[in-house]
Amino acid sequence: MTAPPAALLNKNKKNFIGMPAPLGYVAGVGRGATGFTTRSDIGPARDANDVSDDRHAPPSKRKKKDDDDDEDLNDANYDEFNGYGGSLCSKDPYDKDDEEADAIYDEIDKRMDEKRREYREQRLKAELENYRQERPKIQQMFTDLKRELANVSEDEWSTIPEVGDARNRKQRNPRSERFTPLPDSVLSHNLGGENVTTIDPGSGLASMMPGTSTPGMLTPSGDLDLRKIGQARNTLMGMRLNQVSDAVGGQTVVDPKGYLTDLQSMIPQYGGDINDVKKARLLLKSVRETNPNHPPAWIASARLEEVTGKIQSARNLIMKGCEMCPKSEDVWLEAARLQPPDMARAVIAQAVQTLPHSPRIWIKAADLELELKAKKRVYRKALEQIPNSELLWKLAVELEEEEDAKILLSRAVECCPTSVDLWLALARLEVYENARKVLNKARENNPKDRQIWITAAKLEEANGNNTLVGKIIERAISTLQANMVDINRDFWIKDAMEAEHAGAVLTCQSIIKNIIGYGVEDEDRKHAWMEDADSCASQGAFECARAIYSHALSVYPKKKSVWLAAAHFERSHGTRESLETLLQQAVTHCPQEETLWLMGAKSKWLAGDVPAARSILALAFKANPNSEEIWLAAVKLESENNEYERARRLLSKARSQAATAKVMMKSAHLEWALGNLELAKTLLDEGIKEVGDFAKLWMMKGQILEQQGKKDVAWEVYRDAVKRCQSSIPLWRLLATLEEQQGKLVTARATLEKSRVRNPMNDELWLMAIRLELRAGQREVSRSLIARALQECPSSGILWAQAIFLEDPAQRKSRSVDALKRCQDDAHVVLAVAKMFWIEGKKNKAREWFNKTVKIDPDLGDAWAWYYKMELLFGSEEQQHEVRKRCMAADPRHGEHWCAVSKHIYNWRKKTPEILQLVADRLPIPVTSREVY
């Protein structure tokens with residue numbers, strides 16, 4: 001499409017202006033003008049090739065030697081593909097075809113350049129990033145350090161030294177200028193009109209010099225009495241004080257606190273930039289002027305003035321907004337908020353007249369009233385204007401007594417029949433018969449609400465009609481489904497939990513029974529129900545969880561996992577009777593599950609009913625004739641009740657029927673505990689022949705030999721044992737400990753080195769080697785060992801805990817920070833930090849960290865023992881009792897010091913409190929110089 005001519009685009013401009021005249025054109029020829037020819041038209045009279053006779057002509061330009069050979073034939077201008085640079089057609093004229101060809105080639109080059117631009121930009125970007133990485137700015141080099149400043153604590157900030165002043169003393173402490181006040185005589189003398197000067201006053205220079213006076217401008221003469229000025233000042237101050245003084249008693253009524261408060265109110269509360277306030281004020285003014293009927297503009301302007309401390313300007317603005325936007329309730333409410341209480345009532349009264357159907361304005365009016373009668377009066381007037389406001393009815397009912405509230409609610413449900421809350425509130429206030437009628441009417445008006453049905457079920461349960469509860473819930477679900485209501489399972493479960501918290505247990509169970517299977521696929525039912533039960537139990541809704549387990553067991557009576565989950569729930573949150581009842585049902589449906597039998601027997605034993613426990617185990621024997629767990633449970637029951645002969649007979653029978661490694665170990669352990677060492681060794685030898693790779697049999701045999709004083713024989717036993725059981729860490733530890741006790745340090749080191757080769761990346765073996773060097777006095781060797789150990793086991797808590805105490809006292813805190821970063825939730829590291837605080841004398845801090853330790857790993861007996869030892873030394877009896885009670889509930893089983901005491905043969909009958917006391921007595925008091933704990 002061609003472009004329109006310029007004359008069509010601009011009609012005022014002629015199309016021939018600026019264009020050359022056509023050939024032979026004579027101006028005015030159409031009007032009869034005659035053309036003439038001048039020298040400029042025909043050219044010069046002399047030929048162009050003639051020699052000029054101008055003597056002062058400018059020198060002509062020198063031609064190049066060879067115009068034909070003006071091409072650059074240098075090797076630098078040669079290209080293998082394009083040849084020599086330059087144009088082959090440079091001597092030819094440049095016409096329109098050449099211009100069009102150049103334009104086409106330029107477009108092609110531009111198009112090709114656009115195709116390669118993305119690649120070129122990516123390459124430039126990569127080169128720039130490479131350059132910045134190789135030559136980073138100083139600001140980028142310190143980026144990580146600046147980011148780490150966010151983790152600097154206040155204590156670390158305070159320890160940073162102040163920057164010193166490098167100036168010398170004279171520059172640091174310049175002498176201040178001294179001013180000497182002039183006496184009154186000089187002032188009065190100068191004010192009297194006298195002037196002393198060496199400059200002629202008439203010369204005109206005196207007025208330009210400082211300290212001189214101009215004639216005619218002198219102060220009128222007279223004496224100035226400064227004493228009278230002071231008296232006048234005192235008189236004025238007295239008058240002002242008299243104005244604020246009590247005329248009767250002469251006591252001042254100036255409140256110094258109030259005076260300071262007034263001074264504080266004068267301080268601008270806005271701490272931002274004043275330029276931002278000015279910009280915001282100007283912007284909001286523009287919004288108000290552009291759209292004066294826009295309520296948010298007036299509200300924002302008023303709040304801006306309020307923030308900057310100009311409360312009166314804010315009030316004036318918002319009142320102007322009320323005039324401009326009388327139908328906006330937000331503006332009226334903002335005006336009432338900004339005004340003082342008396343003015344706020346007037347503003348709200350005006351708002352009520354303007355917007356009589358706004359519930360928010362009526363509520364604000366009631367809030368501004370101080371007396372209860374006035375509030376009731378406001379709400380009643382509001383309900384006359386807005387009878388269908390549910391919120392106003394609720395607020396009005398809250399202010400009334402029970403009888404008046406009942407009357408109000410009966411009227412409220414007539415005006416708001418779809419308000420479920422009003423119906424339920426009225427039902428709660430009515431007696432049983434009237435409440436049933438109210439709920440029936442509520443169901444008629446709100447057929448799609450479930451809360452009415454649940455309230456009806458609670459009402460029947462509260463009045464003893466338990467048979468109707470389940471029917472109401474079943475009918476509720478069917479009716480809601482008929483009315484096309486989506487049955488949300490999670491909402492119903494939440495309603496069941498609320499019903500349980502309200503005391504309606506039967507309603508809760510009925511809801512769970514009818515809703516638990518709704519909307520769940522058959523293959524997901526078991527998993528979903530177990531999750532629901534755990535969720536209810538975690539929120540304290542134990543009856544809901546119990547109902548879920550009961551329903552799951554009715555659907556899956558043969559599932560062992562469901563029975564075990566229900567049994568664990570009853571053991572944690574139920575009674576002993578409920579647990580035993582459940583276990584009786586469990587063993588009936590799952591007689592092959594040994595754990596259920598053992599839980600039942602243990603429950604009877606803990607209750608002191610040993611014969612019942614024996615009978616349960618006898619039934620378990622019949623159901624599981626060769627069960628190792630049941631045999632060992634029966635042995636433990638007899639040995640705990642001092643029936644050693646019966647325990648021996650049971651073990652003998654077990655060895656003949658099921659001679660497992662555990663049975664052999666328990667048989668030898670019982671004889672060892674009763675002092676029959678030879679018989680115990682015989683049993684151990686038999687067990688080693690049967691199961692030679694069971695490490696505990698070797699350990700027991702070696703410990704018995706050590707107890708008898710046969711350390712050489714024990715050493716041979718341990719040496720043979722580690723050949724058979726190379727992965728048993730306790731066996732390697734026993735062997736190295738025995739060699740150290742015999743003074744064979746070199747052999748012990750070799751043993752530990754061999755054990756680490758057999759069991760790489762084992763932190764216990766590294767820790768034993770480190771402590772071996774510490775006991776031998778080789779502190780530097782132990783430090784090198786722990787460095788190697790942390791390289792091999794970087795996340796080992798016991799190694800980091802030892803590393804903290806291997807450092808000097810000044811570096812222990814920083815080392816503990818590193819340990820916590822690597823092993824944040826490791827109980828051994830947290831325990832080491834607690835002991836470090838104990839050493840520093842920070843008992844409360846240590847107590848907090850001990851609490852953290854036992855929460856992280858309640859099975860760590862060493863943590864309980866250290867905690868209890870600190871409370872024995874520094875805590876009260878209540879604190880000691882609390883630790884002991886919590887330890888008994890946790891029933892710990894692990895820990896270096898704990899196992900050394902609890903597994904000693906002399907303490908085999910001791911309970912948790914006794915072991916706790918023994919371990920606490922054995923532990924040393926933490927001191928700065930100690931490195932091993």
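Nothing fancy with the numbering, it's 1 onward along the sequence.
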message = Please evaluate residues K602 and E640 with respect to the criterion salt bridge (Lys or Arg N to Asp or Glu O under 4.0 Å), reporting the C-alpha separation (whole Å), side-chain torsions for both, the decisive distance (0.1 Å), and the verdict.
response = CA-CA 12 Å; K602 186 175 181 180; E640 290 288 341; over 6 Å; no
task = Kindly determine whether R815 and E807 satisfy salt bridge (Lys or Arg N to Asp or Glu O under 4.0 Å), including the steps that lead there.
result = CA-CA 8 Å; R815 193 66 163 170; E807 296 289 339; 3.6 Å; yes
message = Given 3.5 Å as the limit, does a donor-acceptor pair link the side chain of D857 with the main chain of A827, or not?
response = no
request  = Report yes or no: is the cationic atom of K842 (NZ for Lys, CZ for Arg) under 6.0 Å from the centre of the six-membered ring of F837, at an angle within 45° of the ring normal?
outcome  = no
query = So Q917 and D921, side chain to side chain donor-acceptor pair (under 3.5 Å) or not? Walk me through it.
reply = CA-CA 6 Å; Q917 186 67 48; D921 294 340; 3.2 Å; yes
Ion pair check, E896 and R771, cut-off under 4.0 Å = yes
request  = Kindly indicate whether the side chain of L598, heavy atoms from C-beta on, has any atom under 4.5 Å from the side chain of L617.
outcome  = yes
Beyond-backbone contact of P926 with W866, side-chain heavy atoms, under 4.5 angstrom = yes
ask   = Considering all heavy atoms of both residues, which atom of L697 and which atom of A661 are nearest to each other, and what is their separation?
value = CD2-O, 4.5 Å
message = Just by distance, no angles: are the side chains of W672 and Q707 close enough, under 3.5 Å, to form a donor-acceptor pair?
response = yes
note = In terms of heavy-atom contacts, Q741 and E706 come closest through OE1-OE1, 4.2 Å
message = Tell me whether the count of non-hydrogen atoms from other residues, nucleotides or ligands lying under 6.0 Å of CD1 in I160 goes above 12.
response = yes
query = With the threshold set at 4.0 Å, does a side-chain nitrogen-carboxylate oxygen contact exist between D891 and R893?
reply = yes
request  = Mind checking the CG-CD spacing from D712 to Q742? Nearest 0.5 Å is all I need.
outcome  = 5.5 Å
Donor on one side chain, acceptor on other, S538 and S535, under 3.5 Å = no
message = A side-chain contact here means heavy atoms from C-beta on lying under 4.5 Å apart; do Y556 and W529 qualify?
response = yes
inquiry  = Let's go through E753 and R756 carefully: what are the C-alpha distance in whole Å and the side-chain angles of both, what is the deciding distance for salt bridge (Lys or Arg N to Asp or Glu O under 4.0 Å) to 0.1 Å, and is it a yes or a no?
reply    = CA-CA 5 Å; E753 187 70 31; R756 293 199 300 272; 2.3 Å; yes
ask   = Would you say the side chains of T747 and E739 form a donor-acceptor pair under 3.5 Å?
value = no
ask   = Can you check whether T159 reaches D155 side chain to side chain, under 4.5 Å on heavy atoms?
value = no
inquiry  = Can you confirm whether the side chains of S728 and K696 place a donor and an acceptor under 3.5 Å from each other?
reply    = no
Gap separating the OG atom of S796 from the CZ atom of R822, nearest 0.5 angstrom = 12.0 Å
request  = Measure from the side-chain N and O atoms of E740 to the backbone N and O of A748, and report whether any donor-acceptor pair falls under 3.5 Å.
outcome  = no
request  = Check whether any side-chain N or O of R733 sits under 3.5 Å from a backbone N or O of L752 as a donor-acceptor pair, and report yes or no.
outcome  = no
task = Spell out, as yes or no, whether a donor-acceptor pair under 3.5 Å connects the side chain of S578 to the backbone of G574.
result = no
key: Chi angles and distances behind the side chain to side chain donor-acceptor pair (under 3.5 Å) call for Y867, Q880   = CA-CA 9 Å; Y867 192 7; Q880 297 169 13; over 6 Å; no
query = Does N762 reach the main-chain N or O of L765 with its side chain, forming a donor-acceptor pair under 3.5 Å?
reply = yes
query = Below 4.0 angstrom, N of the basic side chain to O of the carboxylate: do R847 and E871 qualify?
reply = yes
query = Quick one: does R724's side chain get under 4.5 Å of D693's, heavy atoms only?
reply = no
ask   = Where is the tightest heavy-atom contact between A865 and V919, given as atom of each residue plus distance?
value = CB-CG1, 3.3 Å
query = Hey, are the side chains of R788 and L785 touching, using non-hydrogen atoms and a 4.5 Å cut-off?
reply = yes
Neighbour count above 12 (heavy atom, 6.0 Å) for E523 CD = yes
query = Is the closest side-chain heavy-atom distance between K869 and W838 below 4.5 Å?
reply = yes
remark   = d(L831 CG, K852 NZ) to nearest 0.5 Å is 13.5 Å
request  = May I ask you to decide if G600's main-chain N or O and S603's side chain share a donor-acceptor pair within less than 3.5 Å?
outcome  = no
task = Kindly determine whether E877 and H881 satisfy side chain to side chain donor-acceptor pair (under 3.5 Å), including the steps that lead there.
result = CA-CA 6 Å; E877 292 185 3; H881 177 70; over 6 Å; no
query = Do any N or O atoms from the side chain of W698 and from the backbone of C725 form a donor-acceptor pair under 3.5 angstrom?
reply = no
key: Working for side chain to side chain contact (heavy atoms under 4.5 Å, CB included), residues S814 and Q811   = CA-CA 6 Å; S814 61; Q811 279 80 36; 4.2 Å; yes
key: Aromatic plane relationship, H573 with F542 - under 30° parallel, 30 to 60° tilted, over 60° perpendicular   = parallel
task = Please step through side chain to side chain donor-acceptor pair (under 3.5 Å) for the pair T751 and K744, ending with a clear verdict.
result = CA-CA 10 Å; T751 299; K744 303 175 182 178; over 6 Å; no
Minimum heavy-atom distance I493-C536, with the two atoms named = CG2-SG, 4.2 Å
query = Between S816 and M836, what is the shortest heavy-atom contact and its length?
reply = OG-CE, 3.6 Å
message = If I take atom CE from residue M768 and atom CD1 from residue I798, how far apart are they, to the nearest 0.5 angstrom?
response = 12.0 Å
request  = Could you give me the CA-CA distance, side-chain angles and deciding distance for S561 and K526, then say whether side chain to side chain contact (heavy atoms under 4.5 Å, CB included) is met?
outcome  = CA-CA 10 Å; S561 58; K526 177 189 166 188; 2.8 Å; yes
task = Kindly say whether A528 contributes a backbone atom to a donor-acceptor pair with the side chain of E531 at under 3.5 angstrom?
result = no
ask   = Any side-chain heavy atom of D818 within less than 4.5 Å of one from I804?
value = no
query = Do side-chain atoms of D862 reach the backbone of W898 as a donor and acceptor pair under 3.5 angstrom?
reply = yes
query = Is the shortest side-chain N to carboxylate O distance from R576 to E580 below 4.0 Å?
reply = yes
ask   = Are H894 and D859 linked by a side-chain donor-acceptor pair shorter than 3.5 Å?
value = yes
message = Any donor-acceptor pair under 3.5 Å linking the side-chain atoms of Q539 with those of K494?
response = no
message = Hydrogens and angles aside, do E154 and S158 bring a side-chain donor and acceptor to less than 3.5 Å of each other?
response = no
query = Which pair of non-hydrogen atoms, one from P760 and one from E792, has the smallest distance, and what is that distance?
reply = C-OE2, 3.7 Å
Spacing of CG belonging to L738 relative to CZ belonging to R719, to within rounding of 0.5 Å = 12.0 Å
message = Working note: E570 + R546, criterion salt bridge (Lys or Arg N to Asp or Glu O under 4.0 Å); need CA distance, chi angles, decisive distance, verdict.
response = CA-CA 8 Å; E570 291 295 342; R546 191 172 283 113; 2.8 Å; yes
ask   = Quick one: does N759's side chain have a donor or acceptor within less than 3.5 Å of a partner on S755's backbone?
value = yes
query = For the atom pair CG (D532) and CD1 (I548), what is the distance rounded to the nearest 0.5 Å?
reply = 5.0 Å
